[in-house]
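Convention: sequence-line order gives letters A, B, ...; per-chain numbering from 1. Given the structure is predicted, the values throughout are model-derived calculations rather than measurements.
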Number of protein chains: 2
Amino acid sequence: MLDMGILSSSVEFSLRMASVAAGQRFYEAMRAFRLRPGQFATLVLIGANPGVGQRGISETLRIDKANFTGLLNTLERRNLVERRADPGDHRRYALYLTREGKALLRKASRAYDRLEAGLAKLLPARVRRDFVANLRLIAE
Amino acid sequence: MLDMGILSSSVEFSLRMASVAAGQRFYEAMRAFRLRPGQFATLVLIGANPGVGQRGISETLRIDKANFTGLLNTLERRNLVERRADPGDHRRYALYLTREGKALLRKASRAYDRLEAGLAKLLPARVRRDFVANLRLIAE
DNA sequence: TATTGTTATACTCTATAACTATA
DNA sequence: TATAGTTATAGAGTATAACAATA
């Protein structure tokens, strides 16, 4: 094993490594649904906020709006998401899950819950709740 | 604010968002040194383990060895790192920091310490130590 | 003027396979 | 046969700027 030097007690480095490890678990859990992290999060947010605009989601997920266009195109081509013209503001699209989108989200969410359970098992029981709260403090 | 649904209590999602936020702080702190996360971590590891091989570092950082070649080339072109032929094993390079590499690492490490202090300030004092330990449990 | 969303582009990161040379 | 490192390539993520349409 190498001497990790300054990295061994680093929040920034440990966050990055933990995020990579969790990301690998994500890809395994979601491979069956062909959903990447940003795509899954988008489905969750549209499902919980029907009619939301692209800006609302892209800012929440910190995805640049220019890059979010392509992400949504992919989901729309798969008939998971629908852009509807917003009658009250013609610059805006109101986003909705299609029936297939809802069905896929239901199944993917169950897989996601199992993924989360697997991650939680790595942590001492007494810190599980606070751990997420602390992560959110860093995420602003 | 949007309803985050299942994501609001998710370890995987919160890790990713926190890692993105910490990464942005990293880029600000390290812009002056033109070091990206993998490059800085590589300098730290070579500095703490002179003579280490590429495999040792790339596995520790979970960077594919194929991608690590280019990362090292960049550091070598900047005269920060030196590949020396290993007399005991001719397949292998032994890696060392150059004098410039050591000097840059010293300065960058101070900036990194400030970055870490800024992140630590976001966390309640009583959890700071355990927080990194918990991250390391997830990183395997 | 400001906002929503699109297009284009470039750069980085990651994943994979095939390769050389040495052990 | 296995290991250390290289080359080539493609996919995905991210950052920036310019743009059209609408408010």
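Taking the side chain of Asn73(B) as heavy atoms from C-beta on, and the options dT7(D), dC13(C), dT6(C), the nearest nucleotide is dT7(D). Side-chain proximity of Arg55(B) to the nucleotides dT3(C), dA15(C), dT3(D) is greatest for dT3(D). Comparing dT16(C), dA15(D), dG5(D) by their closest approach to the side chain of Asn67(A) singles out dA15(D).
Contact annotation: Arg83(A) does not reach the phosphate of dT4(C) (side-chain N/O to OP1 or OP2, under 4.0 Å). Regarding contacts with the backbone of dT6(D), a side-chain N or O of Gln54(B) is found under 4.0 angstrom from either OP1 or OP2. Dashed line: the shortest gap from a side-chain N or O of Arg36(A) to OP1 or OP2 of dA12(D) is under 4.0 Å.
Per the geometry, CD belonging to Gln39(B) stands 13 Å off C1' belonging to dC11(C), to the nearest Å. Atom CG in Leu72(B) sits roughly 15 Å away from atom C1' in dT7(D) (whole-Å rounding). Leu35(A) places its CG atom 12 Å from the P atom of dG13(D), with the value rounded to the nearest Å. Atom CZ in Arg16(A) sits about 18 Å away from atom P in dG13(D), given to the nearest Å. Residue Arg92(A) contributes atom CZ, which lies 19 Å from atom C1' of dA20(D) at whole-angstrom precision. Atom OH in Tyr27(A) sits about 11 Å away from atom C1' in dA15(C), given to the nearest Å. At whole-Å resolution of the value, NE2 in His90(B) and C1' in dA2(D) are 18 Å apart. Taking atom CD of Glu76(A) as the reference point, atom P of dG5(C) lies 13 Å away to the nearest angstrom.
The existence of a salt bridge linking Glu116(B) and Arg114(B) is excluded, since no basic side-chain nitrogen approaches an acidic carboxylate oxygen closer than 4.0 Å.
Between Arg136(B) and Val132(B), the closest side-chain pair of non-hydrogen atoms falls below 4.5 Å.
At a cut-off of 3.5 angstrom, counting only N and O atoms as typed in the model, there is a donor on one side and an acceptor on the other between the side-chain of Arg91(A) and the base of dT3(C). Donor-acceptor pairing under 3.5 Å, judged by distance alone, is absent between the side chain of Asp89(B) and the base of dA4(D).
Residue contacts for Phe68(A): at a heavy-atom cut-off of 4.0 Å it reaches no nucleic acid atom on any strand shown.
Residues Phe131(A) and Phe131(B) place their aromatic rings such that the two centres sit under 6.0 Å apart.
Comparing Asp86(A) and Lys65(A) along DNA chain D, the residue whose closest nucleotide (by nearest heavy atom) sits nearer the 5' end is Lys65(A). Comparing Pro37(B) and Ala94(A) by the nucleotide of DNA chain C whose heavy atom lies nearest to each, the residue mapping closer to the 5' end is Ala94(A). The residue among Asp64(A) and Gly88(B) whose nearest nucleotide of DNA chain C is located toward the 5' end is Asp64(A).
Within a 6.0 Å sphere centred on OH of Tyr93(A), heavy atoms belonging to other residues, nucleotides or ligands number 12 at most.
The hydrophobic cluster containing Val20(B) does not contain Val44(A), counting ILVMFWY residues as joined when their side-chain heavy atoms lie under 4.5 angstrom apart, directly or transitively.
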